[in-house]
Amino acid sequence: SSGVADHFAENDEHAIEIARSIFRSMKNEASPSDHCQTYDEPLYSPDELTGIVPVDLRKPYDCREVIARLVDGSRFHEFKADYGNTLVTAFAEIHGHPI
């Protein structure tokens with residue numbers, strides 16, 4: 001994959017589902033200060049990070065498990081999923097701030 005496409009759809013209906021998912025992840029807020037007022041704690045405890053990331057950094061681990069313990073509500077919208085098996089790109093929020 002060349003990396004020029006962020007999402008791959010199986011058909012038109014799937015493409016519309018992907019587009020809706022992208023737009024749901026975007027917020028249309030009046031000011032940047034609104035971001036920090038409310039947010040959801042991660043569904044998975046950050047205390048579990050030491051059990052997910054191995055001491056030996058040569059050993060593989062799923063960084064999605066790390067992301068789920070850091071972002072609001074453990075929600076993130078991954079894109080370019082097929083670009084490379086060592087790369088994860090996603091949109092999320094931390095304490096209401098878009099990242």
Side-chain angles (χ1 to χ4, degrees):
S1 171
S2 67
V4 295
D6 290 343
H7 302 277
F8 292 98
E10 297 171 8
N11 52 43
D12 289 349
E13 184 176 301
H14 186 221
I16 291 170
E17 287 177 34
I18 291 170
R20 286 180 175 156
S21 175
I22 292 168
F23 282 102
R24 272 194 303 271
S25 70
M26 296 178 180
K27 288 188 176 180
N28 185 11
E29 296 187 13
S31 71
S33 64
D34 292 340
H35 291 292
C36 299
Q37 292 181 359
T38 60
Y39 60 89
D40 297 325
E41 292 293 328
L43 296 176
Y44 303 99
S45 174
D47 295 336
E48 297 172 350
L49 287 170
T50 56
I52 293 170
V53 180
V55 175
D56 182 354
L57 296 179
R58 294 175 293 183
K59 292 186 179 180
Y61 62 93
D62 187 352
C63 64
R64 291 167 191 83
E65 295 293 327
V66 173
I67 295 169
R69 282 152 180 83
L70 300 175
V71 300
D72 295 356
S74 298
R75 293 182 303 270
F76 57 98
H77 178 86
E78 185 175 355
F79 60 98
K80 290 189 182 268
D82 296 325
Y83 183 63
N85 61 1
T86 61
L87 174 71
V88 173
T89 52
F91 293 110
E93 292 184 0
I94 295 179
H95 291 182
H97 294 280
I99 57 164

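These numbers were taken from a predicted model, which means no experiment stands behind them.
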Any side-chain heavy-atom pair from L49 and L70 closer than 4.5 angstrom?
yes
Any side-chain to backbone donor/acceptor pair from H97 onto E93? Under 3.5 Å, distance only.
no
If you link ILVMFWY side chains whenever their heavy atoms are less than 4.5 Å apart, which other residues fall into the same cluster as I16? By chain and number, please.
none
Partner set under salt bridge (charged side-chain N to carboxylate O under 4.0 Å, His left out) for R75, not counting sequence neighbours
D40
Are I67 and I94 grouped together when hydrophobic residues (ILVMFWY) are joined by side-chain heavy atoms under 4.5 angstrom apart?
yes
In Å and rounded to the nearest 0.5 Å, what is the CD to CD distance from E17 to E10?
9.0 Å
Count the heavy atoms of every other residue, nucleotide or ligand shown that sit under 6.0 Å from CG of N11, and state whether that count exceeds 12.
yes
D72 side, atom CG; Y39 side, atom OH - distance, nearest 0.5 Å:
7.5 Å
The test is ring pair (Phe, Tyr, Trp, His ring centres under 6.0 Å); show your working for F76 and F91 and say whether it passes.
CA-CA 6 Å; F76 57 98; F91 293 110; over 10 Å; no
Donor-acceptor pair, distance only, cut-off 3.5 Å: does the side chain of S74 make one with the backbone of R69?
no
When you compare the side chain of T50 with that of V55, does any pair of heavy atoms fall below 4.5 Å?
no
Would V66 end up clustered with L57 when hydrophobic side chains under 4.5 Å apart are linked, directly or stepwise?
yes
R64 vs V88, side chain to side chain contact (heavy atoms under 4.5 Å, CB included): CA-CA, chis, key distance, verdict:
CA-CA 8 Å; R64 291 167 191 83; V88 173; 3.7 Å; yes
